[in-house]
Amino acid sequence: MGRYDPKIAEPHWRAAWAQADAFRADYDLSRPKYYALEMFPYPSGKLHVGHARNYAMGDVVARFKRARGFNVLHPMGWDAFGLPAENAARDRGVDPREWTTQNIAAMRSELKALGLAIDWSRELATCEPDYYGHQQALFLRLLKRGLAYRREGLVNWDPVDMTVLANEQVVDGRGWRSGALIERRKLNQWCLRITAYADELLEGLAELPGWPDKVRTMQENWIGRSRGLTLTFAMAPETPAPTPALEGGLSVYTTRPDTLFGASFLAVSPDHPLAEALAKGSREVAAFVQKCRLGGTSEAEIESAEKLGWDTGLRVLHPFQPDLRLPVWIANFVLMEYGAGAIFGCPAHDQRDLDFAIKYSLPIRPVVLPHGADPGTFHVKQEAYTGPGRLFNSGFLDGLDIDAAKRAAISRIESLGLGSGATVYRLRDWGVSRQRPWGCPIPVIHCSSCGIVPVPDSDLPVRLPDRLDFSQTGNPLAHDRAWREVNCPQCGAKAERETDTLDTFVDSSWYFARFTDPHSSDPINVKAARYWLPVDQYVGGVEHAVLHLLYARFLTRALQDEALLSISEPFVGLFTQGMVTHETYRRQSGEWVEPTEVEIESNAGVRVARLKSTGEVVLIGDPEKMSKSKKNTVAPADIADVHGVDAARLFVLSDSPPDRDVQWTSSGVEGASRLLQRVWAEFDALDETPEPRSPDDLSLARITHRAVKAITEAIDGFRFNSAIARIYEFSAAIRNARSTASITARRDALSALARVIAPFAPHLAEECWRRMGETRLIAFAPWPDWDPALVVEDQRVLPVQINGKRRGEIVVPAGASSEMVERLVLADPEISGKLEGLAIRKVIVVPDRIVNLVAA
RNA sequence: GCCGCCGUAGCUCAGUGGUAGAGCGCAUCCUUGGUAAGGCUGAGGUCGGCAGUUCAAUCCUGCCCGGCGGCGCCA
C-alpha cells in the first residue's frame with residue numbers, strides 16, 4: 001500500500017466523522033458527562049499556532065475522555081464583539097458585522113480542518129442578537145438584584161478625538177491616533193458589584209484543587225484582602241478644616257498601623273474630595289490636580305509615573321504624639337479607588353513613600369529594626385526596609401514584632417475612638433460600560449421623569465442598528481438618533497436609550513453555560529446546565545489567569561443566586577497553557593512584517609532579516625505573544641499543507657510541557673511527520689498469515705502495557721509532551737519486535753498503539769484502525785486497558801556513589817531493603833576495589849534509587 | 001512600580017535531591033527489496049551568576065542578572 005498520504009486520508013476521515021455525527025453531545029443522564037472547553041477565540045480572521053496548540057490540547061482531552069466512556073461535550077463559539085472590528089471600520093470603512101462574519105467563516109473552516117472532535121451544532125457567536133439578547137436579560141436581573149449600578153469611573157479621555165480610549169490605545173500617555181496627551185476623566189459608568197462576592201471568591205479558591213497554584217495565587221493577590229486600620233487624624237487647631245466634611249478630621253487606611261510612629265506626612269489622592277475642594281478655591285491647586293490627571297488610567301501608568309506632590313498647608317495631629325504635626329499633601333501615587341483614598345506616609349518602610357519623602361525633603365524615621373541591626377546606627381537611605389523586625393522609636397510599641405505591634409496599634413486607636421480595624425480589598429467593582437458601538441447594548445432607557453428604566457423583557461433584544469456610522473468622532477450609537485430616541489416604557493414620554501455597551505468580558509462570563517443548550521429560548525436552560533456544568537476541564541491562555549476567570553467565577557455565583565445555575569464554581573479543572581511567542585519583524589518605517597515575508601541569514605552568528613520581495617533589511621524584535629496586530633503569527637496551515645494536520649497537531653504538543661511558554665520554530669516538524677510514517681509502515685506491513693506464539697511475545701506485551709499505562713497517566717496529568725515521547729518509544733519498540741514477536745502479539749501492540757495515538761493524530765489512527773480490519777470508527781473505540789501484572793519491574797539498577805561521585809552500579813531486586821542493598825554493595829568486588837582502602841564512615845541507601853558510600 | 005512565570009547542547013526544549021537527555025541542525029559511515037527514503041556512530045554542556053542547606057544541588061532556600069505575561073477599556 002505504501003506511504004501514508006495525509007492529503008487523501010485526512011479529508012476522508014473528517015467527512016466520515018461528519019457523516020456519523022460522531023461528536024454530537026446529547027443530554028443523557030444515564031452516562032457520566034464530561035465537559036471539555038477551550039477558551040473561545042476572538043475571530044481575528046486567521047488561526048495561528050497558539051490557537052492550534054490550545055485547541056489541540058482540548059481535543060486530546062475530549063477524545064481521550066470519550067474513549068474512556070464519558071458523554072463528552074466539546075463545543076466551539078466566537079467571542080465576536082470587540083475593538084478590532086471597530087478599528088477595521090475606522091481604518092478601512094468595513095462594516096463591523098460583515099468584517100466579523102467573514103472572519104468567523106474563515107476561522108471556522110481553519111478550525112474544522114484541524115479535525116477537532118467538536119459538536120458544531122452548538123456553535124454560537126456573542127455578536128448575534130440571539131446571544132446578546134439573553135445577556136441583556138441577565139443584566140436586567142442583576143440590575144433588579146442591585147448587583148448592577150451606576151457610579152463615576154475614570155476613563156482615558158482623548159481631548160482631540162473627543163473619545164474614550166482603551167488602555168491599549170494609550171501609548172506613552174498619548175492617544176494612538178491623535179497623539180494628544182491623554183487625561184483621566186470621570187464618567188458615569190455601569191458597574192457590577194463583584195466586591196459583594198469578594199470573600200466568597202477568595203475562599204472559593206480553596207475548593208479548586210484542579211487549578212494551578214499560580215493562578216490561585218494571582219487571583220488571591222488580585223482580590224487582595226488585607227486587614228488594616230482606618231483611622232482619622234484630627235485637624236491641627238491652627239489649620240482648621242477647609243470644608244465641613246473634614247471637620248471631623250481626615251480618614252486614612254493603612255495595612256501598616258505598626259509604623260504609625262514613623263509617619264511623616266499624610267497624602268490624599270488628586271481625586272479625593274479634599275483635593276477637589278481645595279482646587280475650587282485655588283487656581284494653583286486646580287492646575288496641580290489637572291497635572292496629576294495627565295496620563296492613562298492604568299495602575300501601571302499611575303504607579304510608574306514620577307511622584308508629584310503638593311503641600312496643602314494643612315496640618316493634622318499625630319494620634320500618639322499630640323505635639324507632632326504632620327503635613328497633608330496631595331500626591332499622584334495615591335489611588336482614590338483603594339482604601340480611603342488617603343494614606344499616611346512612613347518613608348522608612350514603604351518605597352513609594354520614601355521616594356516621595358526624598359523628593360520633598362520630608363523626615364525619614366525608621367521604626368522597624370531588622371534582626372541583628374544596631375538601633376544606634378540603623379538608617380534608611382535609598383531603599384525602604386519592608387522586612388521583619390522589632391519596633392523601636394515607637395513609644396508603647398517598642399520591642400514588639402510587626403504583627404503584635406499592628407494589633408497593639410489598632411486596639412489603642414480603637415480605645416481612643418479614632419478609628420477601627422478594617423478589612424479592605426484591592427478588588428474593585430467591575431466597570432462594564434464601554435463607549436463603543438460593537439458590543440452588547442445595555443438594555444436601559446433614560447427618561448427625564450422616570451430616571452433609569454429597564455427595557456421590558458418583551459422588548460428584548462435591544463438590537464444594534466443595522467448600520468453603524470463611523471464618519472464622526474465618538475460613539476456611533478450616540479450619533480444615531482433613530483436608534484437612540486425611544487418612548488419611555490413607563491410614562492411614554494420621549495426618552496433615550498443607553499448608548500454604552502457591555503465590556504466583552506461580560507460576554508465571556510457565561511458562554512460556557514449557554515453552550516449547554518445554545519438554542520434555548522431562555523438565557524440558560526436550567527436542566528441542561530445542571531447536567532453539563534461545571535466545565536470539567538477548561539483550557540486557555542495563562543494571560544486570562546485573573547480577569548476573565550475571576551469575572552466568570554463572579555457571574556456564576558450571581559447566577560446561582562438567581563437560581564439559573566446550580567453551581568458556584570464554573571470550572572473545576574483549569575489548565576493554563578503557555579503562550580506561543582515569535583520574533584517580530586519591523587521595517588525601518590515602523591511597519592510590522594509577517595514572518596512568511598522574511599528571510600533570515602546567519603553570518604558568523606549574526607542574524608540578519610531581509611524582506612523576501614525587496615531584500616530590504618528589517619529589524620528583528622524580541623519574541624512576543626503571537627498577535628495579529630504585530631503580524632508575528634504563524635499559521636498551522638503552513639505545517640499542515642506540507643505534512644498534514646496530524647503532524648501539525650502532534651508537533652505543537654511535542655517537546656514542551658503544555659503550561660510552558662514556547663518560542664515558535666517549525667524546525668523539528670519533520671520528526672513528527674516521520675513518526676506518522678513509521679507508525680503507518682508498521683500497520684501496512686502487518687501480515688495476516690497465522691504464526692505460532694513466540695517466546696518474545698511476553699516481552700512485547702510488557703512493553704505495550706507499560707506504554708499504555710504511561711501514556712494514559714501522562715494525558716491525565718496534562719503532560720502531552722511526555723505522552724508523545726512515550727508514543728515515539730512505543731512505536732520504535734514495536735518495530736524492533738518485528739522479527740521476534742508473533743503476528744498475534746504485534747496485532748495486540750498495534751491495536752493499542754492506534755488507540756493511544758488517536759487523540760493526537762486522529763486521522764492516521766482511523767486509517768490504521770481500518771487497516772487492521774476494524775469496521776467501526778476509532779472515534780468510538782474504547783481506550784486500551786493495561787494489566788498491572790505486566791507493568792511491574794522486577795529488577796533495578798542502582799548507581800553506587802563514593803563520596804557523592806558515581807563510581808559504579810549494582811543490580812538488585814526491585815523493592816530491596818536498605819540492609820540487603822548495603823550487604824550486596826559491600827560484597828561487590830568492583831566496588832570494594834574502588835574504595836582503595838578507604839574506611840567506610842556511612843552508607844546511605846535510597847531504596848530503588850541509589851547508594852552513596854561516605855568514606856575517608 | 002506591583003503580582004506571577006521562565007533561564008539546561010548551535011537552535012527549540014525535556015528531565016531529576018544522586019547516571020544530564022530528545023528532536024532538528026552538524027560530521028562520519030551503512031543500506032538501496034521500508035526508497036518521494038531508512039538506519040549506525042559521533043562531536044557538542046561551568047544546567048544564567050553568587051552564596052547557603054545536604055553525605056550529595058542543574059533540582060531546595062536567599063540574593064543578583066536577563067527575558068516573558070498580567071496590572072481592571074486588547075481578547
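Note on naming: letters A, B, ... go to the chains in the order of the sequence lines (proteins, then strands), and numbering restarts at 1 for each one.
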Shorter than 3.5 Å, N or O on both sides, protein versus nucleotides 62-65 of chain B: list them out with atom names.
none

Practice task
Kindly write out the residues that satisfy side chain to side chain donor-acceptor pair (under 3.5 Å) with A:N332, not counting sequence neighbours, or none if the list is empty.
Solution key: none
Handout entry: Point-to-point distance, once rounded to the nearest 0.5 Å, from CG of A:L202 to CD of A:E220
Key = 6.0 Å
Exercise for the section: Find the distance between CG (A:L427) and CG (A:N221) and round it off to the nearest 0.5 Å. Expected result: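 Between atom CG of A:L427 and atom CG of A:N221 there are 12.5 Å.
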Practice task
Over 60° means perpendicular and under 30° means parallel, so classify the ring planes of A:F505 and A:H548, tilted if in between.
Solution key: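 Parallel.
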Handout entry: Mutual orientation of the aromatic rings belonging to A:Y551 and A:W430 [parallel < 30°, tilted 30-60°, perpendicular > 60°]
Key = parallel
Exercise for the section: Using only heavy-atom distances, determine whether the side chains of A:D161 and A:T473 contain a donor-acceptor pair under 3.5 Å. Expected result: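 There is no such pair between these side chains.
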Exercise for the section: Using a strict cut-off of less than 4.0 Å between a Lys/Arg side-chain nitrogen and an Asp/Glu carboxylate oxygen, indicate whether A:E682 and A:R678 qualify as a salt bridge. Expected result: no
Exercise for the section: State plainly whether the residues A:R184 and A:E301 are in salt-bridge range, i.e. N to O under 4.0 Å. Expected result: no
Would you tabulate the nitrogen or oxygen pairs shorter than 3.5 Å linking the protein to nucleotides 13-17 of chain B?
unit_1, atom_1, unit_2, atom_2, d
B:C13, OP1, A:Q663, N, 2.1
B:C13, O3', A:S656, OG, 3.0
B:C13, O2', A:D655, O, 2.8
B:A14, OP1, A:S656, OG, 3.0
B:A14, OP1, A:P657, N, 3.4
B:A14, OP1, A:R660, NH1, 3.4
B:A14, OP2, A:R660, NH1, 2.8
B:A14, OP2, A:R660, NH2, 2.9

Problem - B:A36 and B:A43, which share atom name C1', separated by this distance in whole Å - result: 31 Å
Exercise for the section: For nucleotides B:G34 and B:G21, find the distance between their P atoms and express it as a whole number of Å. Expected result: 32 Å
N/O-N/O pairs, protein side and nucleotides 58-61 of chain B side, under 3.5 Å:
none

Fill in the blank from the handout: Base-pair string, RNA chain B, Watson-Crick plus G-U, cut-off 3.5 Å on both distances, | for inter-strand, is (((((((..((((....[..)))).((.((.......)).)).....(((((..]....))))))))))))....
Exercise for the section: For each nucleotide in nucleotides 70-75 of chain B, reading 5' to 3', give B when a protein heavy atom comes within less than 4.0 Å of its base, S when such contact involves only the sugar-phosphate, and - otherwise. Expected result: SBBBSB
Exercise for the section: Kindly state whether the ring of A:F718 and the ring of A:F720 have centres lying under 6.0 angstrom apart. Expected result: yes
Exercise for the section: Ignoring backbone atoms, test whether A:R678 places a side-chain nitrogen or oxygen under 4.0 Å from the OP1 or OP2 oxygen of B:G39. Expected result: yes
Practice task
Using the six-membered ring of A:F333, assess whether NZ or CZ of A:K307 lies under 6.0 Å from its centre and within 45 degrees of the ring axis.
Solution key: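 Cation-pi check for A:K307 and A:F333: passes.
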Exercise for the section: Would you confirm whether A:Y131, through its side chain, and A:Y511, through its main-chain N or O, come within 3.5 Å as a donor-acceptor pair? Expected result: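 At least one qualifying donor-acceptor pair exists.
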Practice task
Please name the residue in the list A:T504, A:T501, A:D503 that meets the side-chain hydrogen bond (donor to acceptor under 3.5 Å, both in side chains) test with A:R434.
Solution key: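 Answer after filtering A:T504, A:T501, A:D503: A:D503.
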